[in-house]
Protein chains: 2
Amino acid sequence: MNNKIDAKYFEMTRISKALAHPTRMFIVDKLNEKKYCVHELTEMIGADTSTVSKHLSVLKNSGIISDEKRGNCVYYNLECTCVLNIFSCVMNVIQTNLQSAIELVDNS
Amino acid sequence: MNNKIDAKYFEMTRISKALAHPTRMFIVDKLNEKKYCVHELTEMIGADTSTVSKHLSVLKNSGIISDEKRGNCVYYNLECTCVLNIFSCVMNVIQTNLQSAIELVDNS
DNA sequence: ACAGTATTTGGCAATATTGCCAAATAGGCA
DNA sequence: TGCCTATTTGGCAATATTGCCAAATACTGT
C-alpha cells in the first residue's frame with residue numbers, strides 16, 4: 001500500500017475515528033433531534049465541560065457537526081446525517097451475527 | 001449518561017472503532033471485491049503478516065467480516081456491506097465542507 | 001515424520017486517545 | 001468596570017492502540 005493509497009484511506013478514517021467513542025455517538029444521536037449547546041450536552045453526559053467540549057471539537061474537525069454562537073452559548077448542529085447510517089449498520093451487524101449463531105445451532 | 005445508555009453507545013462504537021484505521025478501511029474496500037486470504041492482503045498492504053492478521057481479527061470480532069479456512073489458507077469475507085456507507089458518507093462530508101467554504105468565499 | 005508455507009498469538013516499545021484540573025477567553029448584565 | 005455564566009485551551013497522567021519480532025499452531029506434500 002503506497003503513500004497515496006494510504007492517504008486516501010487515512011482521510012476516510014476521519015469519520016470512523018470521530019465516531020469511535022460512546023460519548024460522541026451519544027452526541028450525534030442527540031443532535032439528530034435538535035441543536036444543543038455545550039452545557040446542555042454536558043449535563044446529559046455527566047462529564048467535565050472541557051471533556052465534552054473536546055469531544056465536540058473532534059466531531060467538528062471531522063466535518064460531522066458545525067457550531068453557531070448565540071449570545072453566551074455555542075449551539076452545535078448535525079451537518080451530515082449520513083453518519084446515522086452507522087446506527088442502522090450496527091443493528092445489521094448484530095442481526096447478521098445472531099443469524100449465523102442460530103444456523104450454527106440448528107445444524108448441530 | 002447512566003451506565004445503561006453508555007453501554008448502548010459503547011456497543012455502537014464496535015463498528016466505528018473497527019473502521020478507525022486506514023489499513024482496516026483498505027481491507028474492507030478490498031473484501032468488497034472478493035474474498036482474499038491473509039497473505040494476499042499482506043502483500044497489498046506491505047506490513048508484517050502478524051500486523052495484518054491482527055487487523056483482520058479486529059474486523060472479525062466486530063462482526064464485519066468472517067473467515068473461512070480453505071486448505072492452508074484463511075479467506076476473509078465481507079459480511080456487512082452496509083459499512084460501505086461510511087465510504088459515501090466521507091464523500092458527503094467532504095462535499096458539505098467544500099460547499100460551506102465556497103459560500104463563505106462568495107459572501108465576502 | 002519432516003520441511004515448507006500460512007496464520008495466529010504473546011510480548012513489548014512507540015504512539016495516540018482520553019478525562020480531569022486549572023487557566024484563559026468571550027459574552028451578558030448590573 | 002466587575003461579576004457571572006459559557007466555552008475553549010494547555011497540561012498531564014492514565015489508558016488504549018498499533019506494529020514489529022519471535023514463537024506457537026496448523027495444514028500440505030514428500
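Every heavy atom of this structure was used, including side-chain atoms; hydrogens, water molecules and symmetry mates were not. Just so we're on the same page: letters track the sequence lines, and every chain starts at 1.
The base of dT28(D) has none of its N or O atoms less than 3.5 Å from a complementary donor or acceptor on the side chain of N72(B).
Following rounding to the nearest Å, Y9(A) (OH) and dT18(D) (P) show an atom-to-atom distance of 18 Å. As rounded to whole Å, 12 Å separates atom C1' of dT8(C) from atom CG of D48(B). Residue E43(A) contributes atom CD, which lies 11 Å from atom P of dT7(D) at whole-angstrom precision. Taking atom CD1 on I65(B) and atom C1' on dT8(C), their separation rounds to 14 Å, with Å as the unit. Going from atom CG of L59(B) over to atom P of dT17(D) covers 14 Å, rounded to whole Å. What separates NZ of K60(B) from C1' of dT7(C) is a distance of 11 Å, to the nearest Å. Across the protein-nucleic acid pair, F10(B) atom CZ and dT15(D) atom P stand 15 Å apart, rounded to whole Å. Atom CG of L19(B) is separated from atom P of dT18(D) by 12 Å (rounded to the nearest Å).
Closest contact between the side chain of K17(A) and the listed nucleotides dT18(D), dT17(C), dT5(D) involves dT17(C). You'll find that the side chain of T51(B) is closest to dG19(D), out of dG19(D), dT7(D), dT18(D). The nucleotide whose nearest atom lies closest to any side-chain atom of S50(B) is, among dC21(C), dT9(C), dT7(D), dT9(C). Here the nucleotide nearest the side chain of H21(A), chosen from dG19(C), dT7(D), dC21(D), is dG19(C). Considering only the side chain of T49(B), dT7(C) comes nearest among dT7(D), dT18(C), dT7(C).
OP1 or OP2 of dA6(D) has not a single side-chain nitrogen or oxygen of Y76(A) nearer than 4.0 Å.
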From CA spacing to verdict: side-chain contact (heavy atoms from CB on, under 4.5 Å), V74(B), C37(B): CA-CA 5 Å; V74(B) 177; C37(B) 67; 5.8 Å; no

Residues E40(A), K30(A); criterion salt bridge (charged side-chain N to carboxylate O under 4.0 Å, His left out); working and verdict: CA-CA 11 Å; E40(A) 286 172 329; K30(A) 277 294 159 191; over 6 Å; no

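At a threshold of 4.0 angstrom between heavy atoms, the contacts of K54(B) include nucleobase atoms, whether or not backbone atoms are also involved. Residue R24(B) is in sugar-phosphate contact alone, with no base atom involved, counting any heavy-atom pair closer than 4.0 Å across all strands shown. Within 4.0 Å of Y75(B), counting heavy atoms only, lies no atom of the nucleic acid at all.
In this structure, the side chain of N61(B) engages the main chain of S57(B) through a donor-acceptor pair within 3.5 Å.
Comparing G71(A) and A47(A), the nucleotide of DNA chain C nearest to each residue sits closer to the 5' end for A47(A). Two residues, H39(B) and H55(A), neighbour DNA chain C, and the one matched to the more 5' nucleotide by heavy-atom proximity is H39(B).
Ring geometry for F87(A) against Y9(B) counts as perpendicular: the plane angle is over 60°, on a 0 to 90° scale with 30° as the lower cut.
In this model, no donor atom of one side chain and acceptor atom of the other lie less than 3.5 Å apart for T96(B) and E79(A).
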